[in-house]
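For reference, the structure discussed in these notes is given below.
Everything quoted here is computed from the prediction, not taken from an experiment. Just follow the structure's listing: the first ligand is 1, and inside any ligand the first atom is 1.
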Amino acid sequence: MIWMLNLFPKITSSYGKEVDNVFWFIFWISLIFFLIVQVAMFYFIFKYRNRREEEVSDIEGNNLLEITWTVIPTIILIVIFFYGVYVFDNFQRRPPANAIEIKAYAYQWWWQFEYPNGYKIRDTLIVPVNKPIKLIMTSNDVIHSFYVRNFRIKEDLVPGRYTWTWFKATEPGIYDIQCAEYCGTLHSKMIGYVKVISLEEYNAWLASLSKEMDLSALSPVERGAKIFQNKGCSACHSVDGSRMVGPTFKGLYGRDAEVVVGGKEERIKSDENYIRESILNPNAKIVKGYPAIMPSYQGQLSEDEILSLIEYIKTLK
Ligand code: CUA
């Protein structure tokens, strides 16, 4: 039958084989006992089928038999239990310390993944091959379950708490993510993909992201720090107090500044409005001892970005 073909999809994770071994161990034990019981049942059905000429006899209990069929299954269940715990504890719950942490959020009915750089992507988890990935997960509404058959991993996402799982993909490719917890009408449509690519491709992808990344995902201070780097401020201003082409940003906010306004010296308090003016109209007030060479950033930074930059400067004490 065609659906049987993909019943056990190819293992493409580091500890998928161990998980499968536990499954098959339990499967074969169950099958053997199922056959023993069924064969015995049909044998006795046939052997003791109703024949009118026979007297029915009353058989008392058999202690040896009862102890045997209690002790043997108990031992087998204990072995199954400890084998399962062993694999769970030594593989499934042991993420390598160098794992890349990615956050996973479940919604009705889609997935969202957030990378360490703040980038968020919907329904597609992109990861490098042969690198351990740890997912920190939570749900925004009801319980969902992150299930990747090729990796042999499944973990619930629960509103109000964090759960986690980890895997190391061993082969590039695209693998289905399924939701394995009934979560409402479109539960069966809650499908995502893990895209496993080479480390070089992954790094190139991350680098291309950080250039055009939506900075709104960051706090104002973080955004300001990025703008400081990306917009070229760092070419002329230090953040550690050292003197570059322009005055340092260290301690800039709140200090008394000696500035030259239209050829005359003035002392001013360095506040938000002064910093904003210096970004948009740098020559209005020149810090004493520095050349008036800074270009205006009028039109290159939004109000929101300017305020973020100021928030960042405030942290440079
Ligand atoms: Cu989400 Cu089922």
For the side chain of Thr170 and the backbone of Thr12, is there at least one donor-acceptor N/O pair under 3.5 Å apart?
-> yes
Can you give the angle His187 ND1 - atom 2 (Cu) of ligand 1 - Cys179 SG, rounded to 10°?
-> 120°
Of all N/O/S atoms in Glu181, which lies nearest to atom 2 (Cu) of ligand 1?
-> O
Nearest to atom 1 (Cu) of ligand 1, which N, O or S atom of His144 do we find?
-> ND1
Opening angle at atom 1 (Cu) of ligand 1 [SD, Met190; SG, Cys183; to 10 degrees] = 110°
Identified ring-ring contact (aromatic ring centres under 6.0 Å, His included) partner of Tyr175 from the options Phe151, Tyr147, Phe167 = Phe151
Classify the side-chain pair Gln92/Thr165 by whether it contains a donor and acceptor separated by less than 3.5 Å.
-> yes
Count the heavy atoms belonging to other residues, nucleotides or ligands that lie under 6.0 Å from NZ of Lys134, then report whether that count exceeds 12.
-> yes
